Every structure is written in structure tokens, then in C-alpha cells.
Amino acid sequence: MACLGVFVAYLPVTSVSVSLTAIQSALSTTTSQLAWVSDAFVLPMAAFILTAGVFGDVHGRRKVFVAGLLLSAVGAATSLTAHSIGQLWTGQALSGLGAAALLPTTLALISHAVPDHRERGKFIGIWAMCLLGALALGGVLAGSILSQFGWRWIFLVPLPVALVAVVISLRSLPESRAPRAARLDWPGQITAALAITALVYGVIEGGAGSFGDTQVVAALAVSVVSGVLFVVIERRSAHPMLDLALFRSPGFTATTLVAMIMFLGMIGFFFVLSLYFGMVQRLDTLSIAWRLLVITGSGLIVSGVAGRVMHRLSPRLMITTGLLMVTAALLTLLGADAGTSFASLSWRLLLLGVGMGLVTTPMTATAVASVPHPLAGMAAAGNNAFRQVGGALGPAVLGALLTSRAVSSLPGHLADAGVDGALAGQVTAVTRDAGLGAVGSMALGPGAGQVWGAVGDAFLDGMRLCLIVSAGLTFLAAVLAFVLLHPRLGRERSVNVAGEPAAQAPGGTERREVGTVAPA
């Protein structure tokens, strides 16, 4: 059931990614509005994943698991009937809330059923394979559907899967709770949600307009203040949503930072890559899906192998090697242009997928195994939360960089293509206001070919900047993994365990009992 849950949670990710061009054309969206299609899903997942984990620990993981499936189904139904960008955002947000409930409970169910951390690693490997399998299958299904029907029908697929999973869960899934009593940390939840939402909103709107705009400055200020308040609240809370003592574990700290940085670079680049195939190479959705399948399919296969051998190889070696492979793949894509063939791209995309597969399973397993068993659920939720924060920032940051670089270079490319006068001015003004995709709604006349050639060249300028930034981020993640995932992590370390009965230290002050960190 854990595998079915994570499959439902991640199925919308690539199905929406490969459909972005079709959605943009049908709803006449700007690049920033299109970025919100992805972020409307990821933001609620990042903001509420920790709360969902604690809620499951207190009130029952099966209840939260079923609620997540139902929210995913309602979100899919809302998107299925969407006739405006606002309704699509709403459907994606509901699906994101469902995913927030599913991700920590699926890992907690595994942790509850398999307490031995070494044996648990095999099941987390299967979990990671299902996650990547959803990413792989989602794109192909969406491409097949869009070749015959409209874009809305891509949201039909999760509905029956989620409803069948609900029925099976209610009949056969046993209820489980955390062994320690806990309470929901509402002050922590509110400040965390404010910090994440305001940060992503500020980045998206700042990229679409100016980072000096009043609403952007206000959003970023709210994010900083809320983030500081969150840390203060969690340090003082008797039942913190995220026990900051987890970060005393080098394994948890390393994998959390790596997850956030890697997802920032990779989810953002998937957003850009899908637009490259659609806007520059002018491919249909199914062709885009097959190209992305090279990445997700190879990642799926390698993650399964990684789950089997991760206890014979150092997590540090696997994660660092995988991230360096991803970095190399991104740098090789700098040479891609409008005429680059699938054969030429395939080995680069394959290298990218293999690198991701090497990272996904050991990263998750190390985060869970590097803390005491009672904190495994919180560690899994915390690792996923930071991962999703990076995933939410990815399309925002790279979408902003793409638009800014492409719009600034477009006038020069128009001039090189022989497009000048009023048409050049109109194209430049439209792209500055609404993004490159808005050119598709213009009446270009006999100069359409030259204009689209210039738009493609401008997009490639933006994509190359995004590639350099993504490669820099994944290389930074590789350095952090190599430095922080030290071989001595195999020794036992101590961290404070949230929820332990407080003991009196000398002098009358409270101190919490210390738990032992299992070897990573």
C-alpha cells in the first residue's frame, strides 16, 4: 500500500510537466502563470508534509493515508473539469495536499512494519522505485492521452487508482500510531507555511516582474520573518513539528541539504526541458514523454539496483557519484539546439537518469536510518519537506532566469533573423509582458518562420543559463554529500528525541533523554 500511495502522489508530476506546452496554448498563460501550475502542487506538499506526518503519528497513519488518497482524487477531478487557470491551480493544490498526506505516511508505514534499519533499506528502495515509476509512467500516459484527447483528460488517470487504493486500505491496512504521545504544533505549522509560500511567491513574481516591486519585497520579508519565528518556536516547543535536534545527525543534515539543492536544480530543469522540447523542437506531447522517459526509466532501474547494494557500498560514494553524473549530464546538454536529434540527446538524458537513480534510494534511506527509530517518521517527513521546498523553488527560480535571459536576448536574435520595425517591437513587447509562449497567439504573417527561429534562439540562451545554474547546484550538492556524509557516520551518535519525558538536570533545568542514532 505504501508503494501504491507514493505512486498516486507522484503520478501528476511528469504528466503535468509534459503537458505544459498544451496547457499554455489552451489557456493562453504567461510563463509565471505556467510555473504556478507546477508550484500549486508542490507548495502545499512542502508546507503541510510535516503536519501530515505528526497528524498520522497522533491520530492514525491509515486515516491520514486514506485522507491523502481522497484529496488526490478530488484534486484530479477538479483539474479534470478545469476551464480556467485558477481552477487548474485549485485542483493542483488539492492534489498537493493529498501528496503531503501520502508521502510521510507511506514511509512511516514502512518504518512501522520493518523496524530493522538494514532490512528497511530494501523496502525504501522499492518505495523509491515506485516513486520513479510514477514519474516514468505519468509522462507516457499523458502523452498518449494528449495524442487523442484534450489536456484535461490527463487528470483522469489518478482517479480510479486512488479510489481503488482507498477501498483496499479500509479493508486490509492495519492502523498504527507513534509510540510516544504528541500534539500538533500549530504555531510551527503556520510559520512554516507562511515562510515557504511567501518565498516561492516572491521568487516567481520577482522573476516575472521586478524584485524591487512592493509585493515582492513584502513577500520575501514575510518569508524571512516567518522562517526565523519557525526556528524560535520549534526550539521552545514541547512537541515540535520538526525537532531541530535532528540536524545534530550529520547523515540527516547532509541528505536533507542534498535533497533540497538537488530538487531545486532538477525539478526546475525538468520544467525548462519540457518547454524546450515543446517550444524549440516543436514536438508533440507523446514525443516529449518518450524523451523524458529516458531519464525517469533509467532512474527507475538504477534505483532498484541501488536499493539492493546500498548496504555493501557507502551511501557517501553512491550519492556523490550520482550527483557528479547529473552535473556532467547537465553540462553536456549545453550544446543542444533546435536541431539536436533524439539520438544525440538520448545518451545525455540516460546519464542524467542513472545519476538520479543512484541518489534517490540511499538519500532517503540514510535520512531515515541516521536517527533513532522513534524519530524515523519525523525524519522522513522532514527530508521530504525540504526536498519539496527545493522542488517548489526549482520552477520558480529557473523559470525566472529563463524568462529574464530569453527576453533580454530576443531583440538581438530578431535583428539577426531580419525581423525589424513594428513586428519586432510587438514581439518584444508581448514576450516582455507575457513570456515567450505568448508569441503563439500573435498574427505573425509571412515573417512567422523568422520570428519563431529568433524565439527559439532566445529560449536556448535562457536554457543554457538554467543548465549552468542547475549544474552548479548539483555539484554543490555533491560536495556537501562528500564532506558531510563522512565514513565515521557508521558510528553511533546521539541526538535529542522530541517527545521524551523531560528529566531534571543538575540545577533544576530540564534536559531530554538522549536517543542513539542507528548507523547510516
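Please read these numbers as outputs of a predicted model, since none were measured by experiment.
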Please tell me if the side chains of I319 and L358 come closer than 4.5 Å, counting only heavy atoms from C-beta onward.
-> no

Sidechain-backbone polar pair: T256 side chain, T253 backbone, donor-acceptor under 3.5 Å | no

State whether the side chain of S226 and the backbone N or O of S223 hold a donor-acceptor pair below 3.5 Å, judged by distance alone.
-> no

Can you check whether A142's main-chain N or O pairs, donor with acceptor, with S15's side chain at less than 3.5 Å?
-> no

Does M318 offer a backbone N or O that forms a donor-acceptor pair with the side chain of T321 under 3.5 Å?
-> no

L88 to A82 - nearest heavy-atom pair and separation = N-CB, 3.8 Å

Rounded to the nearest 0.5 Å, the CG atom of L163 sits from the CD1 atom of I168 at a distance of 11.5 Å

Rounded to the nearest 0.5 Å, what's the gap from CZ on F247 to CG on L257? Could you check?
-> 7.5 Å

Nearest-0.5 Å distance, CG of residue L97 to CG of residue L70 | 13.0 Å

Heavy-atom side-chain proximity of V157 to I145 below 4.5 angstrom | yes

For V8 against P12, the heavy-atom pair lying closest together = O-CD, 3.4 Å

Do you know which two heavy atoms are closest between T474 and L323, and how far apart they sit?
-> O-CB, 3.9 Å

Side chains of V294 and L345 in contact at under 4.5 Å (non-hydrogen atoms) = no

Name the orientation class of the two ring planes belonging to W151 and F155 (parallel below 30°, tilted from 30 to 60°, perpendicular beyond 60°).
-> perpendicular

Could you pull out the closest heavy-atom pair between I233 and G188, with the gap in Å?
-> CG2-N, 3.9 Å

CZ/F230 to OG/S237 distance, rounded to the nearest 0.5 angstrom?
-> 9.5 Å

Looking only at heavy atoms, the pair that brings A73 and L159 closest together is O-CD2, 3.1 Å

Does any N or O in the side chain of Q92 come within less than 3.5 Å of the main-chain N or O of S79, such that one atom is a donor and the other an acceptor?
-> no

L473 side, atom CG; F263 side, atom CZ - distance, nearest 0.5 Å = 13.5 Å

Supply the atom-to-atom distance L480 CG to T255 OG1, rounded to the nearest 0.5 angstrom.
-> 11.5 Å

Heavy-atom pair with the smallest gap, counting every atom of S169 and L69 | OG-CD1, 4.1 Å

Between F149 and L156, is any pair of side-chain heavy atoms under 4.5 Å apart?
-> no

Is the backbone N or O of A22 less than 3.5 Å from a side-chain atom of S19, with the two atoms forming a donor-acceptor pair by type?
-> no

Is there side-chain contact between T191 and V228, with heavy atoms separated by less than 4.5 Å?
-> no

Judged by atom type as modelled, is there a donor-acceptor pair below 3.5 Å linking the side chain of E234 to the main-chain atoms of P240?
-> no

Measure the shortest side-chain to side-chain distance between L194 and L229 over non-hydrogen atoms and say whether it is less than 4.5 angstrom.
-> no

Under a 4.5 Å cut-off applied to non-hydrogen side-chain atoms, are H59 and V64 in contact?
-> no

